[in-house]
There are 2 protein chains.
Amino acid sequence: MAMKALSKATIYQVAQLAGVSIATVSRALRDSELVTPETRERVRAAAQELQFTPSRPARSLAEGRHAANGIVFPDLVGPYYAEVVLGYEATAAALGSSVLILATNGRRDPAAAVRELAGRVDGLTVMGRTVDDEVVAGIASTGLPVVLLARDPVDGVDTVRAGNTNTARALAEHLLEHGHRTITFLGDPDDSPDVAGRYAGLKAALPSKKARLTLVRGNGLDLDAGCAAAPEILASEPDAVVCANDEVALGVLLAAEEAGLRVPEDLAVTGWDDLLAARFAGLTTVRQPMRELGATAARWLDKRINESPSERTAARRRILATEVVTRRSCGVHEEVHP
Amino acid sequence: MAMKALSKATIYQVAQLAGVSIATVSRALRDSELVTPETRERVRAAAQELQFTPSRPARSLAEGRHAANGIVFPDLVGPYYAEVVLGYEATAAALGSSVLILATNGRRDPAAAVRELAGRVDGLTVMGRTVDDEVVAGIASTGLPVVLLARDPVDGVDTVRAGNTNTARALAEHLLEHGHRTITFLGDPDDSPDVAGRYAGLKAALPSKKARLTLVRGNGLDLDAGCAAAPEILASEPDAVVCANDEVALGVLLAAEEAGLRVPEDLAVTGWDDLLAARFAGLTTVRQPMRELGATAARWLDKRINESPSERTAARRRILATEVVTRRSCGVHEEVHP
DNA sequence: GTGAAAGCGCTAACAT
DNA sequence: ATGTTAGCGCTTTCAC
């Protein structure tokens, strides 16, 4: 007496079992007003018994919408992206959307992957340097709502990002106050719009008369990249090294220690992101609202998806505030941020 | 001369433009052998011009598959889940699947959310304590391939997890060697199968004659939970506190410092996960292959999705190896793990 | 090699 | 309040 796996019940089977038409089943299950409580109950029972769940593709095809949206990021490695995605998922969920994720790193054809994703969703959030402006513009011109996250704006498309320039300036000033004059920036501005913004801000805040700024691009934004870049950095004998993010800064910290350098006495180091590890490493860094970045993108996207063509507003831009978090690594202080 | 947004080209429009039938378009675009190179080219051109992308729902409906799979986790907070999800996405992508993610925390009805997700995918990975065995069994009985991750097995369903018991034992022995006898475990075994396993392993390895083990459940697995639980922990005046994960251990570290206790001299602390922060906090912990957990789940799921009913094999179980990473926080050593 | 037509499982008019 | 029916856009026999 084998128990057959009830592969897929369809609306027809439910209708038959409940003794009604498929239209009624559809209504009953979606709490339409147009069904008597009794029939509704009968249908529910039948659906229950058959373990019926409406086919999503069929529904989407009929309704013309996916009830899902997507987020594309260059890479999920490291706490930064994870936090953003988390904020995104939570908000999207609250708004009734499923979320599809796509990491483009290691893809042979990122643009194609993004386009394929675009076909599965009602709206798309694009993070950082995943695809070119043209690809973004192409997708947006399809009519698909798009929100850009931590990325340079594209005409007519909403953009949310975290502040880089001003906070980089604040960081630079802080470093100058500490007496640091020979400063190295570690990070490749071509890697991401954020890195570019941080470098630009730093550069603008350090007039060449007051300080000397060297750029070391390094090879990536993770711990190993930081370690690996250390020799090149140390060669220029800087007072301070400003790193594009925390992970790379942490790598520098490790390498400096290895090299017998004391931080901050011999070398000041700063990061960006305020990861958990930064706190324990005593790393001066910049805090950015990662969850809120994701959440904002999800909210904006939802708004776009549900706005009628007539009420369509102009593209929005927002820069979320970031702040310097002062700890040991940038120089000796009286009080330190916990 | 307004430029109209080419909202949605359908296969019919492409067919018309190319002067062929929709069947031919379908074939041409999917590289069927049954089309002359010329027609294929003509169709491609038309598709290109119209920016045509096949509707995913329509395709899925016709093909009876989604070309996507899903992963459900309790919460994306903290580096642990993020790493697992990353490993999962990368592998799924390499295997040609899109991935849908779902975080059940904060959902009013996790089971419903999971079922809804199940309707969107060809296979599902369920992590930790997101839904009951019954829900899992229910979904699996539908015929939908399911893989369990970091969770107790369910009959007939594949399971991958990281080792807890043996490594907890090793950790216990290490603590005993350090002379610690009064030990507190911080973490709620009811929170997750992993925590339960870690506590059980520890308990088994600490015979009551040799040591005294106290359980403090605390309230969650993050930094704040660790800080908050500190008073209760310190009340029992333990030599060592074994924490369910790194974040909570880091919280204890902070609180201990606040209370004027030296680690490890006055109190030994250990964590679990080997987060980046653990390294910088000098925290003794357990390393687990998070990426590989996700990757394995994705691979297994793919295999299940593509296996024919005839070749269906028995449910697989695998426990990936974990290892103790010795650092400062568990007691004074000659050499420390970097 | 290509076309016609039958679904795939649902929603939403339109009828009753 | 419920049933009938026409799509939604694609894949895939089955003819030609």
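In what follows, chains are A, B, ... by sequence order, proteins preceding strands, each numbered from 1.
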Chain A on DNA chain D: first and last contacting nucleotide, 5' to 3', under 4.0 Å to a heavy atom?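 Footprint of chain A along DNA chain D, 5' to 3': dA1(D) to dG9(D).
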Determine whether [X] and [Y] make a side-chain contact, defined as any pair of heavy atoms from C-beta on separated by less than 4.5 Å.
X: Arg42(B); Y: Val20(B); answer: yes
X: Thr313(A); Y: Glu307(A); answer: yes
X: Val99(A); Y: Ile101(A); answer: yes
X: Arg56(A); Y: His66(A); answer: no
X: Leu102(A); Y: Glu116(A); answer: no

Which pairs of donor and acceptor atoms, one on a side chain in residues 126-135 of chain B, lie under 3.5 Å apart (sequence neighbours left out)?
unit_1	atom_1	unit_2	atom_2	d
Arg129(B)	NH1	Asp190(B)	O	2.8
Thr130(B)	OG1	Met127(B)	O	3.3
Asp133(B)	OD1	Arg151(B)	NH1	3.0
Asp133(B)	OD1	Arg151(B)	NH2	2.8

Taking atom CG as the centre, does Asp109(A) end up with more than 12 heavy-atom neighbours from other residues, nucleotides or ligands that are less than 6.0 angstrom away?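 More than 12 heavy atoms, drawn from other residues, nucleotides or ligands, come within 6.0 Å of this atom.
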Contact letters for nucleotides 9-16 of chain C, in which S counts primed atoms plus P, OP1 and OP2 and B counts the base, heavy atoms under 4.0 Å: BBBBBB--
What is the bend of the helix from dG1(C)-dC16(D) to dT16(C)-dA1(D) when you compare the axis at one end with the axis at the other, using five pairs each and rounding to 10°? 40°
Report yes or no: does Thr36(B) contribute a side-chain atom to a donor-acceptor pair with the main-chain N or O of Glu38(B) at less than 3.5 Å?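 A pair under 3.5 Å: no.
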Just do the side chain to side chain contact (heavy atoms under 4.5 Å, CB included) check on Asp194(A) and Tyr80(A) with the steps written out, would you? CA-CA 12 Å; Asp194(A) 277 332; Tyr80(A) 170 74; 3.8 Å; yes
Do the side-chain N and O atoms of Arg161(B) and Thr296(B) include a donor-acceptor pair separated by under 3.5 angstrom? no
Any salt bridge linking Glu311(B) with Lys303(B)? Criterion: basic side-chain nitrogen under 4.0 Å from a carboxylate oxygen.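 Answer for the salt bridge query: no.
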What pairs with Ala90(A) under side-chain contact (heavy atoms from CB on, under 4.5 Å), at least two apart in sequence or on another chain?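 So Ala90(A) forms no side-chain contact (heavy atoms from CB on, under 4.5 Å) with any residue.
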Strand contacts (DNA chain D) in residues 37-47 of chain A, 4.0 angstrom heavy-atom criterion: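 Output list: Thr39(A).
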